[in-house]
Amino acid sequence: MAPLPVVRFAPSPTGRIHIGNARTALLNWLFAKRVAGKFILRFDDTDLERSRAEYADAIEADLEWLGIRPDLVRRQSERMAAYDEAAARLKDLGRLYPAYETAEELERRRKRQQALGRPPIYDRAALRLTADERAALEASGREPHWRFRLKPTTVRWVDMVRGDSHIDCASLSDPVLRREDGTYLYTLPSVVDDIDFGVTHVIRGEDHVTNTAVQIQIFEALAGAAPSFGHHNLLTDAGGGGLSKRSGALSIAALRTKGIESLAVSALAVLVGSSAAVRPVASLDELAGLIELSQLSHGAARFDEAELEALSARTLHRSSYAAVADRLSALGVAGPNAEALWLAVRGNLSRLDDAAIWGQVTEGDVTPIVEDADYLGVAASCAPEGPWDPSTWGAWTTRLKELTGRKGRALFHPLRLALTGKEAGPELAALLPLIGRAKALARLSAPGV
């Protein structure tokens, strides 16, 4: 039996996560959880200048809102000893070597290679330095950065999204793994963590495809084997622009503040750019059954906030009372009529918070809008006796039609204005039993009516 999958989501806590980041987190979560796998949240916080604890806390809160609860949370800033040990092993293997060029020197070399029509890859000049030359550079104040020596082979893998994939490493520069100041770039810590935490599948954006060949070589050097990889297509905004944590574009926090349903965010983030139709879902379990990594498009997918708004409303319209009861209670919508109210109003909501408005209409005070006082007086005089039920509205308006000859909007709209104080809303047949006869008559005969 194959081992259960272990996946990871590895944001850098340098800003709030956006919908593109959420896509990666959700694809990992859904992939693992539908077979009882393990999901690791790993903060890539080795950039000490830009990483912030408050961003890490905010990312955890955003994931919790989406329904993602990690099995393990780790921070790279707490694992430097493990990276140092791995770097030492690579040095012993002859795969990590010091280089002393400055950024300006490297740029001049790149321009010279381009001018000669050669690919601008690092020429490994550092490997040709003698011990005396290295000592002289260090004596002059130069500190080395450390490069990983790539084997000039073609790295192949079967990508879970893109299928058979390969990269010719002879076309790549030896990547820098460690800076002059001793800090690590993304590449080595990521591999070491994946090895130490037993990650079996790396699911991430297609902007990391080139990194994969390098990382597979590091995996093979340190552990002998690499995990499976899947590179999903990226999301853009509705205009085709890129997303950035620092710009705040389509941030999860902003969508939550706007009252968008988290399941709608998850559904659109995952289903857009796939072969599955975008649709409302009742749970992440249902969503997990709709998505296959191999069915993701290879082209960028546009995330349209207007489509999200509509999907959020559709999600509410099909939500059961049990699914929203706690949130309604927090809004003050509780008690014996709460479920009936929800079933009456959910089809008219674009935000769950709006349910509290209708709770006020049925349970609290309303300022009637008077369109025709005489008509309202007639309506009050023929109001059916209680208790009221869903058939009351039909019986009442039928009698009013007989008495007044009115029909359509002229028959119904003045009653809606007086009974609810609103121009539009849920069916009055469903609201009337919740308003009750006493409150209805009081509104029909309020001062000014």
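What you are looking at is a predicted structure, and each value in this text was computed from that prediction instead of being measured.
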Discussion item. Minimum heavy-atom separation for L255 and L250, please, with both atom names.
Written reply: CD1-O, 4.2 Å
Worksheet entry | Any donor-acceptor N or O pair under 3.5 Å, side chains S12, D44 | no
Fill in: Between H413 and E423: side-chain donor-acceptor atoms closer than 3.5 Å
yes
Fill in: Pair H231-R204, side-chain donor/acceptor within less than 3.5 Å
yes
Discussion item. For the backbone of L48 and the side chain of S51, can you confirm whether one donor and one acceptor N or O come within less than 3.5 Å of each other?
Written reply: no
Worksheet item: Would E309 and K258 pass as an ion pair if we require N to O under 4.0 Å?
Response: yes
Practice prompt. Run the salt-bridge test on D193 and R74 with the 4.0 Å N-O cut-off and return the result as yes or no.
Written response: no
Practice prompt. Please determine, by modelled atom types, if R416 and T420 share a side-chain donor-acceptor pair under 3.5 angstrom.
Written response: no
Practice prompt. State the CG-OG distance between L66 and S262, to the nearest 0.5 angstrom.
Written response: 6.5 Å
Discussion item. As an exercise, state the distance from CG of L268 to CD of E305, rounded to the nearest 0.5 Å.
Written reply: 10.5 Å
Item to complete: Start with the C-alpha distance between E60 and R75, add both sets of side-chain angles, then the distance that settles salt bridge (charged side-chain N to carboxylate O under 4.0 Å, His left out), and finish with yes or no.
Response: CA-CA 13 Å; E60 290 196 68; R75 290 168 171 77; 3.5 Å; yes
Discussion item. I'd like to know if E143 and R179 make a salt bridge, using a cut-off of under 4.0 Å between side-chain N and carboxylate O.
Written reply: no
Worksheet entry | Min side-chain heavy-atom separation L172-V214 under 4.5 Å | yes
Worksheet entry | Salt-bridge contact R16-D62 (side-chain N to carboxylate O under 4.0 Å) | yes
Item to complete: Test side-chain contact (heavy atoms from CB on, under 4.5 Å) on T200 and L4 and set out the steps.
Response: CA-CA 8 Å; T200 61; L4 294 177; over 6 Å; no
Worksheet item: So how far is it from L234 CG to R23 CZ, rounded to the nearest 0.5 Å?
Response: 8.5 Å
Discussion item. Regarding K33 and D71, does a basic nitrogen lie under 4.0 Å from an acidic carboxylate oxygen?
Written reply: yes
Practice prompt. Taking the side chain as every heavy atom from C-beta outward, state whether F197 and V6 have any atom pair closer than 4.5 Å.
Written response: no
Practice prompt. Please say whether more than 12 non-hydrogen atoms of neighbouring residues, nucleotides or ligands are located less than 6.0 Å from CG in D207.
Written response: yes
Discussion item. Is the shortest side-chain heavy-atom distance between K422 and I357 below 4.5 Å?
Written reply: yes
Worksheet item: Has D181 got more than 12 heavy atoms of other residues, nucleotides or ligands less than 6.0 Å from its CG?
Response: yes
Worksheet entry | Validation row, ring centre W388 to ring centre W393 under 6.0 Å | no
Worksheet item: So, do L287 and S266 sit near enough that their side-chain heavy atoms are less than 4.5 Å apart?
Response: yes
Worksheet item: Between atom CG of L411 and atom OG1 of T404, what is the distance when rounded to the nearest 0.5 Å?
Response: 6.0 Å
Practice prompt. Take atom CD of E54 as the centre, draw a 6.0 Å sphere, and report whether it contains more than 12 heavy atoms from other residues, nucleotides or ligands.
Written response: yes
Worksheet entry | Any side-chain heavy-atom pair of L432 and D389 under 4.5 Å | no
Discussion item. What verdict does the side-chain contact (heavy atoms from CB on, under 4.5 Å) test give for K401 and T398, after you've listed the backbone C-alpha separation in whole Å, the side-chain angles of each residue and the deciding distance to 0.1 Å?
Written reply: CA-CA 5 Å; K401 182 178 181 180; T398 297; 5.7 Å; no
Fill in: Side-chain touch I19/D237, heavy atoms, less than 4.5 angstrom
no
Practice prompt. Please check if atom CD in E64 has more than 12 non-hydrogen atoms from other residues, nucleotides or ligands closer than 6.0 Å.
Written response: yes
Worksheet item: So, D57 and R52, do they make that salt bridge, N to O below 4.0 Å?
Response: no
Discussion item. Could you check whether any side-chain N or O of R89 sits under 3.5 Å from a backbone N or O of L222, counting only pairs where one atom can act as donor and the other as acceptor?
Written reply: yes
Worksheet item: Which value, rounded to the nearest 0.5 Å, describes the distance between I195 atom CD1 and I218 atom CD1?
Response: 9.0 Å
Discussion item. If the threshold is 4.0 Å, N to carboxylate O, is there a salt bridge linking E107 and R110?
Written reply: yes
Fill in: Backbone of H18 reached by a side-chain donor or acceptor of N21 within 3.5 Å
yes
Worksheet item: What's the spacing between H298 NE2 and R162 CZ if we round to 0.5 Å?
Response: 6.5 Å
Worksheet item: Are Y186 and H208 close enough that their ring centers fall under 6.0 Å?
Response: yes
Worksheet item: R302 side chain to A238 main-chain N or O, any donor-acceptor pair under 3.5 Å?
Response: yes
Discussion item. Pair T24, I203 - check side-chain contact (heavy atoms from CB on, under 4.5 Å), show working.
Written reply: CA-CA 7 Å; T24 300; I203 302 167; 5.7 Å; no
Worksheet item: Do we see a donor-acceptor contact under 3.5 Å between the side chains of Y122 and E101?
Response: yes
Worksheet item: Donor-acceptor pair, D159 side chain versus G163 backbone, under 3.5 Å?
Response: no
Worksheet item: Between T315 (side chain) and L311 (backbone), is there a donor-acceptor pair under 3.5 Å?
Response: yes
Fill in: Donor-acceptor contact present, side-chain R318 to main-chain L316, <3.5 Å
no
Discussion item. Does the Lys NZ or Arg CZ of R406 fall within the cation-pi geometry relative to Y375 - under 6.0 Å from the ring centre and within 45° of the axis?
Written reply: yes
Fill in: Other residues, nucleotides, ligands: >12 heavy atoms within 6.0 Å of E427 CD
no
Worksheet item: Between F43 and A56, what is the shortest heavy-atom contact and its length?
Response: CZ-O, 3.5 Å
Discussion item. I'd like to know whether the aromatic ring centres of W342 and Y321 sit less than 6.0 Å apart in this structure.
Written reply: no
Worksheet item: In terms of side-chain heavy atoms, does Y184 have a donor or acceptor partner in D84 at a distance below 3.5 Å?
Response: yes
Discussion item. Strictly below 4.0 Å, N to O, side chains only: are R279 and E307 in salt-bridge contact?
Written reply: no
Discussion item. Is it true that Y55 and D45 share a donor-acceptor pair across their side chains at a distance under 3.5 Å?
Written reply: no
Worksheet item: Short question: side chain of T397, backbone of A395 - any donor-acceptor pair under 3.5 Å?
Response: no
Worksheet item: So, R8 and S190: side-chain donor and acceptor under 3.5 Å apart, yes or no?
Response: yes
Worksheet entry | Donor-acceptor contact present, side-chain Q114 to main-chain P120, <3.5 Å | no
Worksheet, complete the sentence: On a heavy-atom basis, the closest approach of I216 and A226 is CG1-CB, 4.1 Å
Worksheet item: Of all heavy-atom pairs between P426 and N348, which one has the smallest distance, and what is that distance?
Response: CA-OD1, 3.3 Å
Discussion item. Regarding S283 and D285, do their side chains bring together a donor and an acceptor under 3.5 Å, going by distance alone?
Written reply: no
Response to the item:
Shortest non-hydrogen pair, V202 vs P227, comes out as CG2-CG, 3.8 Å
Fill in: Heavy-atom pair with the smallest gap, counting every atom of R147 and D174
NH1-O, 2.6 Å
Fill in: Pairing of R351 and D354 as salt bridge, 4.0 angstrom limit
no
Worksheet item: Looking only at atom types and distance, does a side-chain atom of H232 sit under 3.5 Å from a main-chain N or O of L27, one as donor and one as acceptor?
Response: no
Discussion item. Side chains of S312 and E261: any donor to acceptor distance under 3.5 Å?
Written reply: no
Item to complete: Would you please test R42 and F9 for side-chain contact (heavy atoms from CB on, under 4.5 Å) and show each step?
Response: CA-CA 6 Å; R42 187 189 77 211; F9 174 56; over 6 Å; no
